[in-house]
Amino acid sequence: MRRDPFSPGTRHRKVGFMKIGIIGAGNIGGNLARRFTALGHDVSVANSRGPETLGALAEETGATPVTSTEAARGARIVVVTVPLKAVPDLPSGILDGAADDVAVIDTGNYYPQQRDGRISAIEDGLTESRWTEQQIGHPVIKAFNGTYAQDILDKGLPQGAPGRQALPVAGDDTAAKQAVRDLIDELGFDTVDAGGLDESWRQQPGTPVYGNQGDAEAIAKALAEASPERTADWRA
């Protein structure tokens with residue numbers, strides 16, 4: 001019998017020490033750096049302005065400030081968390097030197113009216129993360145895109161805690177997706193498998209799950225109720 005792709009589920013497995021690279025040091029990237037370092041992971045973080053601008057974050061967290069071409073070196077997990085309009089400007093080879101089984105997390109969202117301008121392929125129906133995947137030349141796992149940055153710091157709960165917040169995770173690579181789900185579990189959140197990347201429209205801006213702080217059951221329900229039609233607020 002085919003498994004329901006929106007069934008809630010959580011893996012109860014300790015991730016263990018990992019090298020994690022974060023490309024983008026905004027609200028999401030900065031708070032992920034704070035949490036990952038607190039969990040004992042070896043974190044490198046980069047932004048568009050250069051490592052010399054990341055001194056305060058490095059001092060606070062112990063993360064290593066690097067250039068964007070260095071962030072992925074040796075990394076098992078790489079987080080790409082930059083505005084969509086900036087993705088094509090990322091240096092070529094940003095994943096050079098990453099672990100052979102690297103899982104790349106895309107946290108991005110398309111905000112055509114508010115920030116990014118028109119991206120024709122997305123307007124024509126390509127999912128946002130599929131577009132990002134094409135730009136960087138590597139499969140991605142969509143996660144954290146509808147998560148409030150402050151929740152990453154404040155909302156994590158132990159496994160099995162009542163009302164534990166859940167995050168949707170979409171992607172085609174089963175092993176990479178599981179690595180990301182395990183890491184999110186370690187952060188203190190349940191996860192819901194949102195299907196493959198072509199189904200990731202279910203968690204894009206304007207959908208019921210976007211910004212949803214519910215538990216796994218609520219997130220699964222929100223994913224199932226999503227419509228593929230992009231509303232006017234989220235079109236160029």
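Because the structure is a prediction, the values reported are computed rather than measured.
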Working for side-chain contact (heavy atoms from CB on, under 4.5 Å), residues Asp42 and Ile20
CA-CA 6 Å; Asp42 179 5; Ile20 299 174; over 6 Å; no
Can you list every pair that meets side-chain hydrogen bond (donor to acceptor under 3.5 Å, both in side chains) and has a residue in residues 226-236, with sequence neighbours left out?
Glu128-Arg230
What do the steps show when you test Lys142 against Thr132 for side chain to side chain donor-acceptor pair (under 3.5 Å), and what is the final call?
CA-CA 10 Å; Lys142 189 176 190 70; Thr132 295; over 6 Å; no
Measuring from atom CD1 of Ile141 to atom CZ of Arg181, what distance do you get when rounded to the nearest 0.5 angstrom?
10.5 Å
Of all heavy-atom pairs linking Lys19 and Gly74, the shortest is CB-O, 3.5 Å
Is the backbone of Asn145 close enough, under 3.5 Å, to the side chain of Asn109 for a donor and an acceptor to pair up by distance?
yes
Determine whether more than 12 heavy atoms belonging to other residues, nucleotides or ligands lie under 6.0 Å from atom CD of Glu52.
yes
With a 4.5 Å limit on heavy-atom distance, are the side chains of Gln203 and Tyr210 in contact?
no
Would you say that Gln159 contacts Asp185 through its side chain, given a criterion of any heavy-atom pair below 4.5 Å between the two side chains?
yes
Less than 4.5 Å apart, side chain to side chain, heavy atoms only: is that true for Leu84 and Tyr111?
no
Stepwise, does the side-chain contact (heavy atoms from CB on, under 4.5 Å) test hold for Val43 with Thr64?
CA-CA 6 Å; Val43 178; Thr64 302; over 6 Å; no
Do you know the tightest heavy-atom contact between Ile22 and Ala71?
O-CB, 4.2 Å
Within residues 102-125 or reaching into it, pairs that qualify as salt bridge (Lys or Arg N to Asp or Glu O under 4.0 Å) - sequence neighbours excluded
none
Between Ser68 and Pro91, which heavy-atom pair has the shortest distance, and what is it?
OG-CG, 3.4 Å
Charged N-O contact under 4.0 Å between Lys221 and Glu225:
yes
Check the pair Gln165 / Asp190 against side-chain contact (heavy atoms from CB on, under 4.5 Å), numbers first and verdict last.
CA-CA 6 Å; Gln165 189 171 324; Asp190 285 348; over 6 Å; no
Heavy atoms of Pro158 and Arg164 approach each other most closely as O-NE, 3.3 Å
Would Leu39 end up clustered with Phe189 when hydrophobic side chains under 4.5 Å apart are linked, directly or stepwise?
yes
Taking C-beta and beyond as the side chain, do His138 and Val102 meet within less than 4.5 Å on heavy atoms?
yes
For residues 27-38, which residue pairs qualify under side-chain hydrogen bond (donor to acceptor under 3.5 Å, both in side chains), counting only residues two or more places apart or in two chains?
Asn31-Arg34, Arg34-Glu60
With a 4.5 Å cut-off on side-chain heavy-atom distances among I, L, V, M, F, W and Y, is there a chain of contacts connecting Leu95 to Ile105?
no
List for me each residue that meets side-chain hydrogen bond (donor to acceptor under 3.5 Å, both in side chains) alongside Thr69, sequence neighbours excluded, and say none if there are none.
Thr67
Tell me, which pairs form a salt bridge (Lys or Arg N to Asp or Glu O under 4.0 Å) where one or both residues lie in residues 79-102, sequence neighbours left out?
Arg76-Asp101
Verify same cluster id: Ile28, Val180 (apolar side-chain graph, 4.5 Å):
yes
If every non-hydrogen atom of Ala166 is compared with every non-hydrogen atom of Thr191, which pair is closest and at what distance?
CB-N, 4.4 Å
Cluster link Val140 to Trp201, ILVMFWY, side chain under 4.5 Å:
no
When you measure from the side chain of Tyr110 to the backbone of Ile122, do you find a donor-acceptor pair of N or O atoms at a distance under 3.5 Å?
no
Side chain proximity check, Leu32 to Thr81, heavy atoms < 4.5 angstrom
no
Is there a donor-acceptor pair closer than 3.5 Å between any side-chain N or O of Glu70 and the backbone N or O of Val45?
no
Derivation of the side-chain contact (heavy atoms from CB on, under 4.5 Å) call for Leu223 and Glu199
CA-CA 10 Å; Leu223 287 166; Glu199 290 288 307; over 6 Å; no
Is it the case that the side chain of His41 and the backbone of Phe36 share a donor-acceptor pair, with hydrogens and angles ignored and the cut-off at 3.5 Å?
no
Kindly determine whether Asp198 and Thr127 satisfy side chain to side chain donor-acceptor pair (under 3.5 Å), including the steps that lead there.
CA-CA 6 Å; Asp198 288 336; Thr127 63; 4.7 Å; no
Can you name the closest pair of heavy atoms from Ala33 and Leu57 and give their distance?
CB-CD2, 4.5 Å
Mind checking the CD1-CD1 spacing from Ile136 to Ile23? Nearest 0.5 Å is all I need.
8.0 Å
Does Ser129 reach the side chain of Trp131, with side-chain heavy atoms less than 4.5 Å apart?
no
Any Leu90 side-chain heavy atom under 4.5 Å of Gln135 side chain
no
When hydrophobic residues are tied together by side-chain contacts of less than 4.5 Å, even through go-betweens, does Ile77 share a cluster with Leu167?
yes
Does the side chain of Lys155 reach to within under 4.5 Å of the side chain of Gln213, using non-hydrogen atoms?
yes
Residue list, side-chain hydrogen bond (donor to acceptor under 3.5 Å, both in side chains) with Thr147, at least two apart or on another chain
none
